[in-house]
Amino acid sequence: EEYIPYFYEMGKNYSEWFVKKLIPYIDGKYSTKSDRDNRGVMGSSLGGLMTMYMLNHYPDYFSFGGAFSTHNPWEYKNIKDLPKRDVKLWLDAGTGEYSGGKMPDGTIAPYCYAEAARVITDSYLAKGHVYGKDLFFYEVKDAIHNESDWAKRLSVPFLLFKGTTEGKIKDIRIDIEAIKDSSGNVVYLANPIGEFDNGVRYSLYKTAKYNITEGIINEKGIFKLGGGGSSVITITFGDIERKITVTSADLDNEAKKINK
């Protein structure tokens, strides 16, 4: 309950304790850079929920945040209702992450972390955040909900927000993925990942251009294969263009992962 501020007072109390008690204590006891430009907050799962809550409700304390695999079925409306904050945000999720979250009314809501991260990303874009500037999303193929997978990407938001070298894109990697959405439907994705020369990597998402020879594909890389059973997907970002051939057998293999 201390990590859910929308239905439980403990979540709100924890956030207030964090910014009003813990931060002053740390700044008073240790040699820190105590201005908001040098302070961020990060968390995983419900800690990701708390990260976004604190960024939205205490923006004078933080300039950046990282929400790893956030378990956040309650946040969509709150993001839309609050004004845009002057903060930078990292969002991520693995395609192997699912849960059945119990809602306050006792019902069980199926929850796909990758689908939710895309919805949250779109909510921040609608508020005026600029993808690749103050908003970043990384969809990680086959990653699951545990500390080991989070540790593999923990360094990236630090490089983005506090690194000393501004990265230039050097290549694009295309991951073909399948997820099961909250309605139980299998959705296929072409996920272009930008690889930068400073060690940063994230999904290019709507900033890439997509084209498909057989079937349909939208601006998020969500696609349906045509009747021919094979297609070439072309993804372009800046001066870099990459192609990948996708067959119905490839999609069947991806779907098998989420049906185990």
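All values below come from the heavy atoms of this structure, side chains included, with hydrogens, waters and symmetry mates left out.
Of all heavy-atom pairs between Leu91 and Ala117, the closest is CD1-O, 4.4 Å. When all heavy atoms of His145 and Ser45 are compared, the pair lying nearest together is NE2-OG, 2.8 Å. Of all the heavy atoms in Leu135 and Thr121, the pair that sits closest is CD2-O, 3.7 Å. Across every non-hydrogen atom of Ala178 and Val186, the tightest pair is CB-CG1, 4.3 Å. Closest of all the heavy-atom pairs between Gly194 and Leu204 is N-CG, 3.7 Å. Nearest heavy-atom pair across Gly167 and Asn198 is N-ND2, 3.2 Å.
Every residue two or more places apart in sequence or in another chain that forms a side chain to side chain contact (heavy atoms under 4.5 Å, CB included) with Ser34 is listed here: Asp27, Thr32, Arg39. Asn13 is linked by a side chain to side chain contact (heavy atoms under 4.5 Å, CB included) to Glu9, counting only residues two or more places apart in sequence or in another chain.
For residues 202-244, the pairs satisfying ring pair (Phe, Tyr, Trp, His ring centres under 6.0 Å) are Tyr131-Tyr205, Phe136-Tyr202, Phe137-Tyr205, Phe196-Tyr202, with sequence neighbours left out. For residues 134-146, the set of pairs meeting the salt bridge (charged side-chain N to carboxylate O under 4.0 Å, His left out) definition, not counting sequence neighbours, comprises Lys84-Asp134, Arg118-Glu139, Lys141-Glu254, Asp142-Lys257. Judged as a side chain to side chain donor-acceptor pair (under 3.5 Å), the pairs with a partner in residues 223-239 (not counting sequence neighbours) are, in order, Thr213-Ser231.
Remark: the backbone N or O of Asp250 is paired with a side-chain donor or acceptor of Thr247 at under 3.5 angstrom. Side-chain N or O atoms of Arg36 include one that pairs as donor or acceptor with a backbone N or O of Pro59 at under 3.5 Å. A donor-acceptor pair is defined here as one N or O able to donate and one able to accept, closer than 3.5 Å; no such pair exists between the side chain of Thr51 and the backbone of Gly65. For Glu97 (side chain) and Tyr113 (main-chain N/O), no donor-acceptor pair under 3.5 Å exists by modelled atom type. At least one donor-acceptor pair closer than 3.5 Å links the side chain of Arg85 to the backbone N or O of Asn56. A donor-acceptor distance shorter than 3.5 angstrom exists from the side chain of Asp181 to the backbone of Ser183, with no hydrogens or angles considered. In this structure, Asp197 contributes its side chain and Lys168 its backbone to a donor-acceptor pair below 3.5 Å.
Under the 4.5 Å side-chain heavy-atom criterion for grouping Ile, Leu, Val, Met, Phe, Trp and Tyr, Tyr188 is not connected to Ile216 through any hydrophobic cluster. Cluster membership check: Leu189 does not share its hydrophobic cluster with Ile144, using side-chain heavy-atom separations under 4.5 Å among Ile, Leu, Val, Met, Phe, Trp and Tyr. Under the 4.5 Å side-chain heavy-atom criterion for grouping Ile, Leu, Val, Met, Phe, Trp and Tyr, Val130 is not connected to Ile120 through any hydrophobic cluster. Tracing side-chain contacts under 4.5 Å through hydrophobic residues (I, L, V, M, F, W, Y), one never reaches Leu251 starting from Val232; they form parts of separate clusters.
A salt bridge links Glu219 with Lys206: the closest approach of a Lys/Arg side-chain nitrogen to an acidic carboxylate oxygen falls below 4.0 angstrom. The residues Asp35 and Lys33 are annotated as not salt-bridged, no charged nitrogen and carboxylate oxygen being separated by less than 4.0 angstrom.
The side-chain heavy atoms of Tyr98 and Ile179, taken from C-beta on, include a pair separated by under 4.5 Å. Counting heavy atoms from C-beta outward, Ile233 and Ile174 have side chains that stay 4.5 Å or more apart. Looking at heavy atoms from C-beta onward, Phe62 lies in side-chain contact with Ile23 at the 4.5 angstrom threshold. Counting heavy atoms from C-beta on, the side chains of Arg242 and Asp171 come closer than 4.5 Å.
Between atom CD1 of residue Ile235 and atom CZ of residue Arg173 there is a gap of 11.5 Å, rounded to the nearest 0.5 Å. Annotation: the span from Thr207 atom OG1 to Leu125 atom CG amounts to 10.0 Å, rounded to 0.5 Å. The line from CG of Asp86 to NE2 of His129 is 8.5 Å long, rounded to the nearest 0.5 Å. Atoms OG and NE2, from Ser15 and His57 in turn, are 8.5 Å apart once rounded to the nearest 0.5 Å. The distance from the NZ atom of Lys180 to the CD atom of Glu115 is 12.5 Å, given to the nearest 0.5 Å. Here the CD1-CD1 distance, from Ile244 to Ile212, works out to 11.5 Å after rounding to the nearest 0.5 Å.
Residue Asn185 places its CG atom among more than 12 non-hydrogen atoms of other residues, nucleotides or ligands, all under 6.0 Å distant.
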Under 3.5 Å, sequence neighbours excluded: what are the donor-acceptor pairs made by side chains of residues 150-163?
residue : atom : partner : partner atom : Å
Trp150  : NE1  : Ser69   : OG           : 2.8
Lys152  : NZ   : Asp149  : OD1          : 3.4
Arg153  : NE   : Asp92   : OD1          : 3.4
Arg153  : NE   : Asp92   : OD2          : 2.7
Arg153  : NH1  : Asp149  : O            : 3.4
Arg153  : NH2  : Ser69   : OG           : 3.0
Arg153  : NH2  : Asp92   : OD1          : 3.3
Lys162  : NZ   : Asp37   : O            : 3.2
Lys162  : NZ   : Asn38   : OD1          : 3.1

Exercise for the section: Under the side-chain contact (heavy atoms from CB on, under 4.5 Å) rule, what do Thr70 and Met52 come out as? Steps first, then yes or no, please. Expected result: CA-CA 9 Å; Thr70 179; Met52 283 188 285; 3.7 Å; yes
Practice task
Show your working on side-chain contact (heavy atoms from CB on, under 4.5 Å) between Lys20 and Tyr61 and close with a plain yes or no.
Solution key: CA-CA 10 Å; Lys20 299 293 180 64; Tyr61 287 82; 3.5 Å; yes
